*Asks:* 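Right, I'll just put the structure down here and ask away after.
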Amino acid sequence: MLPDRGRMRRAGISRVLGMHTTWTTVGDGEFFCPGCGGDRNYQRRTGRRRLVVLGVPVLPRGETGPVVQCAACEGRFGTEALDHPTTHRFSGMLRDAVHTVVLAVLAVGGAPSREALECAVGVLRGAGFEDCTEVQLGALVEALVTDAGRLPEHAGAGAGASLAIELHEALDPLAAHLAPAGRESILLQGARIALADGPYSAGERDVLGTVGAALTMCTDEVGQLLVAAARAPR
């Protein structure tokens, strides 16, 4: 078979003409590398392109980047890769989110029952708060209930604007990085606490609805999950 003359011509040209990029590091840090699939160090880099003739850079051809380069696999990614939290940060975000949901469900109904506190302690220990006790949690909830700046005068009447804001602050940054099962798990943990001492109160439904909305779950989905949780044997 005769050689592809067009391919040979292009190969010859590429040996004569080319493009070279000179990279400059402008920052560094730690990120979750989409190439490695784990927490890695990175360098934030910008580049300057130059036309190369016979291996010699001759003409500037503009800038490129910025990019994020993994120190381990040396893969280069767009700066949007930094939006994904590291594993350590994600774990902290998840713990804080569960803690906020637990406190919201307990506080909205006033002084929590022993059954609700027991269930809540189990949820928090499972989330990583291994030293949590019913006494500590009860005292914290009591402080929340009596703090007029955080809850309305009649806590059971609704979640209150400040409580909704706190839930969104804890859950909004997390929602984009959770799989559907993870979002459902957080909502159902709150539902189990609410159901520990009887059917949902109006305030508990309001709080759980806010939790679902912050986790980008539609109203129908939230309603179905709450009904399923209420019907499940305990």
Side-chain angles (χ1 to χ4, degrees), residues 1 3-101 123-130 167-189 211-218 221:
M1 179 181 293
D4 186 330
R5 293 183 178 180
R7 184 180 303 169
M8 293 176 62
R9 187 180 299 113
R10 289 192 296 272
I13 293 174
S14 67
R15 286 194 290 268
V16 176
L17 296 176
M19 197 72 64
H20 176 73
T21 302
T22 301
W23 294 99
T24 301
T25 300
V26 296
D28 56 24
E30 186 180 43
F31 80 137
F32 183 88
C33 177
C36 296
D39 295 348
R40 301 289 187 269
N41 292 325
Y42 74 85
Q43 292 180 326
R44 185 184 178 101
R45 314 189 79 186
T46 59
R48 292 182 178 275
R49 295 179 297 179
R50 297 183 71 90
L51 181 66
V52 176
V53 178
L54 295 175
V56 180
V58 290
L59 293 175
R61 303 297 292 174
E63 297 183 352
T64 185
V67 298
V68 176
Q69 181 169 326
C70 176
C73 69
E74 298 187 350
R76 296 191 183 109
F77 311 95
T79 54
E80 64 273 8
L82 299 180
D83 295 336
H84 194 294
T86 62
T87 303
H88 178 73
R89 181 175 167 232
F90 180 79
S91 297
M93 291 167 63
L94 187 58
R95 290 174 71 247
D96 290 344
V98 172
H99 193 267
T100 303
V101 171
V123 169
L124 288 177
R125 287 179 177 174
F129 296 92
E130 298 176 359
L167 285 168
H168 277 281
E169 286 178 346
L171 296 173
D172 286 352
L174 184 66
H177 307 292
L178 281 173
R183 300 174 197 171
E184 292 179 6
S185 176
I186 292 177
L187 179 68
L188 290 174
Q189 286 174 343
V211 170
L215 292 171
T216 66
M217 301 169 68
C218 68
E221 183 181 4

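The first residue in the sequence is number 1, and the count goes up from there. Source: prediction; values computed, not measured.
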*Asks:* Can a donor-acceptor pair be found, under 3.5 Å and without considering hydrogens, that links the side chain of Arg183 to the backbone of Leu178?
*Replies:* yes
*Asks:* Can you measure from CZ (Arg44) to CH2 (Trp23) and round to the nearest 0.5 angstrom?
*Replies:* 12.0 Å
*Asks:* Check whether any side-chain heavy atom of Val67 sits under 4.5 Å from a side-chain heavy atom of Tyr42, and report yes or no.
*Replies:* no
*Asks:* Using side-chain heavy atoms (C-beta onward) and a distance below 4.5 Å, is Val101 in contact with Leu171?
*Replies:* yes
*Asks:* Let me see the working for Leu174 and Asp96 under side chain to side chain contact (heavy atoms under 4.5 Å, CB included), right down to the final yes or no.
*Replies:* CA-CA 10 Å; Leu174 184 66; Asp96 290 344; over 6 Å; no
*Asks:* For Arg48, does the CZ atom sit with more than 12 other heavy atoms under 6.0 Å from it, leaving out its own atoms?
*Replies:* no
*Asks:* Under 3.5 Å, which donor-acceptor pairs link side chains of residues 73-89 to any protein atom two or more places apart or in another chain?
*Replies:*
| from | atom 1 | to | atom 2 | distance (Å) |
| --- | --- | --- | --- | --- |
| Arg76 | NE | Gln69 | OE1 | 3.0 |
| Thr86 | OG1 | Arg89 | N | 3.1 |
| Thr87 | OG1 | Asp39 | OD1 | 3.2 |

*Asks:* Do the side chains of Val98 and Val123 get nearer than 4.5 Å, heavy atoms only?
*Replies:* yes
*Asks:* Can you see which heavy atom on Arg95 is nearest to which on Gly128, and at what distance?
*Replies:* NH2-O, 3.8 Å
*Asks:* Measure the CZ-OG1 distance between Arg45 and Thr24 for me, rounded to the nearest 0.5 Å.
*Replies:* 7.5 Å
*Asks:* For residues Thr216 and Ala175, report the shortest heavy-atom separation together with the two atoms involved.
*Replies:* CG2-CB, 4.2 Å
*Asks:* Looking at NE2 of His168 and OG1 of Thr100, how far apart are the two atoms once the value is rounded to the nearest 0.5 Å?
*Replies:* 12.5 Å
